[in-house]
Amino acid sequence: MFTGIIEDLGIVTNIKKEQDNMHLTVQSHITSELKIDQSVSHNGICLTVVDISGAHYTVTAIKETIDKTNIGNLQIGDAINLERAMKLGDRLDGHIVQGHVDQTGICTSIKNENGSWIFTFNYDDSLGNVTIEKGSATVNGVSLTVVNSQKNSFSVAIIPYTYEHTNFKHLKTGSIINLEFDVLGKYIQKLYEARL
């Protein structure tokens with residue numbers, strides 16, 4: 001489990017394909033605190049550390065992960081949002097994030113709001129995922145509050161700190177992003193549908 005509060009912006013230093021798998025090596029300030037078999041969120045994708053070497057560590061993505069997320073689009077030199085699993089008893093500063101990406105979406109608009117930014121994302125609503133106004137959503141692993149919730153799109157407001165300390169500063173119109181919808185929002189939606 002994660003909170004969606006990004007700890008570090010890692011850099012992809014190597015990508016190796018092996019059959020249907022992809023081994024991703026990342027350089028990060030948190031590497032010295034990691035251990036083999038530990039779960040780390042990479043742009044919202046929960047992956048297991050399989051190797052550590054100096055300031056670099058490696059994780060492996062299987063075909064299902066590659067097919068359902070934007071991890072297959074990563075290139076050497078890309079910045080990636082990182083978060084270690086939360087500790088029991090810690091403050092939950094973001095929201096409950098499972099690290100299981102529901103689907104990808106696309107950035108359709110970025111507006112500079114005189115010191116902050118409004119990012120708008122579209123997604124395929126045929127998969128049954130929804131956002132709730134003022135609810136939470138995870139975009140590339142970042143816990144955010146939903147504004148302007150629509151049937152297949154939503155926006156988020158990004159403050160300067162989040163912009164500088166995540167890969168939001170690298171997003172452009174057309175960028176493919178990972179989405180994890182709020183597990184509580186999903187539950188509420190299912191209750192609502194059951195009452196209809």
Side-chain angles (χ1 to χ4, degrees), residues 1-107 121 123 127 129 136-144 162 164-172 175-183 186:
M1 300 292 283
F2 304 92
T3 66
I5 304 299
I6 303 306
E7 291 186 77
D8 192 28
L9 201 55
I11 302 298
V12 176
T13 58
N14 193 30
I15 299 170
K16 180 182 173 188
K17 303 274 174 93
E18 182 181 27
Q19 296 180 356
D20 284 343
N21 297 334
M22 183 174 103
H23 305 289
L24 186 73
T25 301
V26 178
Q27 181 179 1
S28 168
H29 295 109
I30 64 172
T31 302
S32 63
E33 301 172 41
L34 299 179
K35 59 184 181 181
I36 303 295
D37 290 334
Q38 189 169 9
S39 295
V40 178
S41 172
H42 299 76
N43 278 353
I45 308 163
C46 179
L47 298 170
T48 302
V49 175
V50 297
D51 186 55
I52 299 172
S53 179
H56 300 78
Y57 70 91
T58 302
V59 293
T60 301
I62 62 173
K63 184 178 188 309
E64 180 180 2
T65 303
I66 296 166
D67 290 346
K68 291 186 175 180
T69 70
N70 68 2
I71 198 166
N73 298 337
L74 289 175
Q75 298 179 6
I76 292 173
D78 281 353
I80 188 166
N81 295 327
L82 302 175
E83 179 191 0
R84 289 173 289 174
M86 68 177 176
K87 295 179 186 174
L88 210 54
D90 276 359
R91 287 185 180 89
L92 186 60
D93 291 321
H95 73 281
I96 296 171
V97 178
Q98 296 178 303
H100 303 153
V101 173
D102 292 308
Q103 66 184 95
T104 58
I106 187 166
C107 180
F121 303 102
Y123 61 93
L127 299 176
N129 294 310
S136 298
T138 307
V139 177
N140 276 352
V142 183
S143 173
L144 298 163
T162 303
E164 287 302 319
H165 290 88
T166 69
N167 62 12
F168 265 87
K169 63 186 168 198
H170 301 296
L171 293 183
K172 303 177 182 94
S175 291
I176 304 296
I177 47 92
N178 291 324
L179 293 172
E180 181 180 331
F181 296 86
D182 187 358
V183 68
K186 289 182 206 176

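Only heavy atoms go into these numbers, but all of them, side chains included; no hydrogens, no water, no symmetry mates.
Within the model, atoms NE2 of H100 and SG of C46 stand 5.5 Å from one another, a figure rounded to the nearest 0.5 Å. In this structure, CG on N21 lies 7.5 Å from CD1 on I62, to the nearest 0.5 angstrom. For the atom pair OG of S41 and CE of M1, the computed distance is 12.0 Å after rounding to the nearest 0.5 Å. In this structure, S175 OG and N167 CG are separated by 9.0 Å, a value rounded to the nearest 0.5 Å. Interatomic distance, CZ of F2 versus OG of S39, reported as 5.5 Å (0.5 Å rounding). Taking CG from L171 and CD1 from I176, the interatomic distance works out to 10.5 Å, rounded to the nearest 0.5 Å.
Taking the side chain as every heavy atom from C-beta outward, F181 and L127 never approach each other to under 4.5 Å. Counting only heavy atoms from C-beta outward, the side chains of M22 and I15 approach each other to under 4.5 Å. Looking at heavy atoms from C-beta onward, Q103 lies out of side-chain contact with K68 at the 4.5 angstrom threshold. A heavy-atom distance below 4.5 Å is found between the side chains of L47 and I71. Residues V101 and E180 are not in side-chain contact: their nearest non-hydrogen atoms beyond the backbone lie 4.5 Å or more apart. Residues T13 and I76 are not in side-chain contact: their nearest non-hydrogen atoms beyond the backbone lie 4.5 Å or more apart. Contact annotation: the side chain of L24 approaches that of I80 to within less than 4.5 Å [non-hydrogen atoms, C-beta and beyond]. A 4.5 Å side-chain heavy-atom check between N178 and T104 finds at least one atom pair inside the cut-off.
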Applying side chain to side chain contact (heavy atoms under 4.5 Å, CB included), run through I106 and I177 and close with a yes or a no. CA-CA 6 Å; I106 187 166; I177 47 92; over 6 Å; no
Could you walk me through whether I45 and V59 pass side chain to side chain contact (heavy atoms under 4.5 Å, CB included), step by step? CA-CA 11 Å; I45 308 163; V59 293; over 6 Å; no
Test H42 against T65 for side chain to side chain contact (heavy atoms under 4.5 Å, CB included), laying out the working first. CA-CA 12 Å; H42 299 76; T65 303; over 6 Å; no
Run the side chain to side chain contact (heavy atoms under 4.5 Å, CB included) test on F168 and I6 for me, step by step, so that the C-alpha distance in whole Å, both residues' side-chain angles and the decisive distance to 0.1 Å come before the verdict. CA-CA 11 Å; F168 265 87; I6 303 306; over 6 Å; no
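A side-chain hydrogen bond (donor to acceptor under 3.5 Å, both in side chains) with H23 is found for exactly one of K17, K16, E18, namely E18. The only option from I36, V40, D51, T25 that meets the side-chain contact (heavy atoms from CB on, under 4.5 Å) definition with Y57 turns out to be V40. Considering I11, D8, L34 in turn, D8 is the only one that fulfils the side-chain contact (heavy atoms from CB on, under 4.5 Å) rule with S28.
The neighbour count for K63 NZ, taken as heavy atoms of other residues, nucleotides or ligands under 6.0 Å away, does not exceed 12. Taking a 6.0 Å sphere around NE2 of H29, one finds it holds 12 or fewer heavy atoms contributed by other residues, nucleotides or ligands.
Between D78 and N73 the shortest heavy-atom distance is OD2-O, 4.2 Å. G10 approaches V26 most closely through the heavy-atom pair CA-CG1, 4.0 Å. The heavy-atom pair separating N140 from N70 by the smallest distance is OD1-ND2, 3.4 Å.
The main-chain N or O of L82 is never found under 3.5 Å from a side-chain atom of E7 such that the two would form a donor-acceptor pair. Of the possible donor and acceptor atoms, one in the side chain of Q38 sits under 3.5 Å from a partner among the backbone N and O of K35. No donor-acceptor distance shorter than 3.5 angstrom exists from the side chain of T138 to the backbone of G141, with no hydrogens or angles considered.
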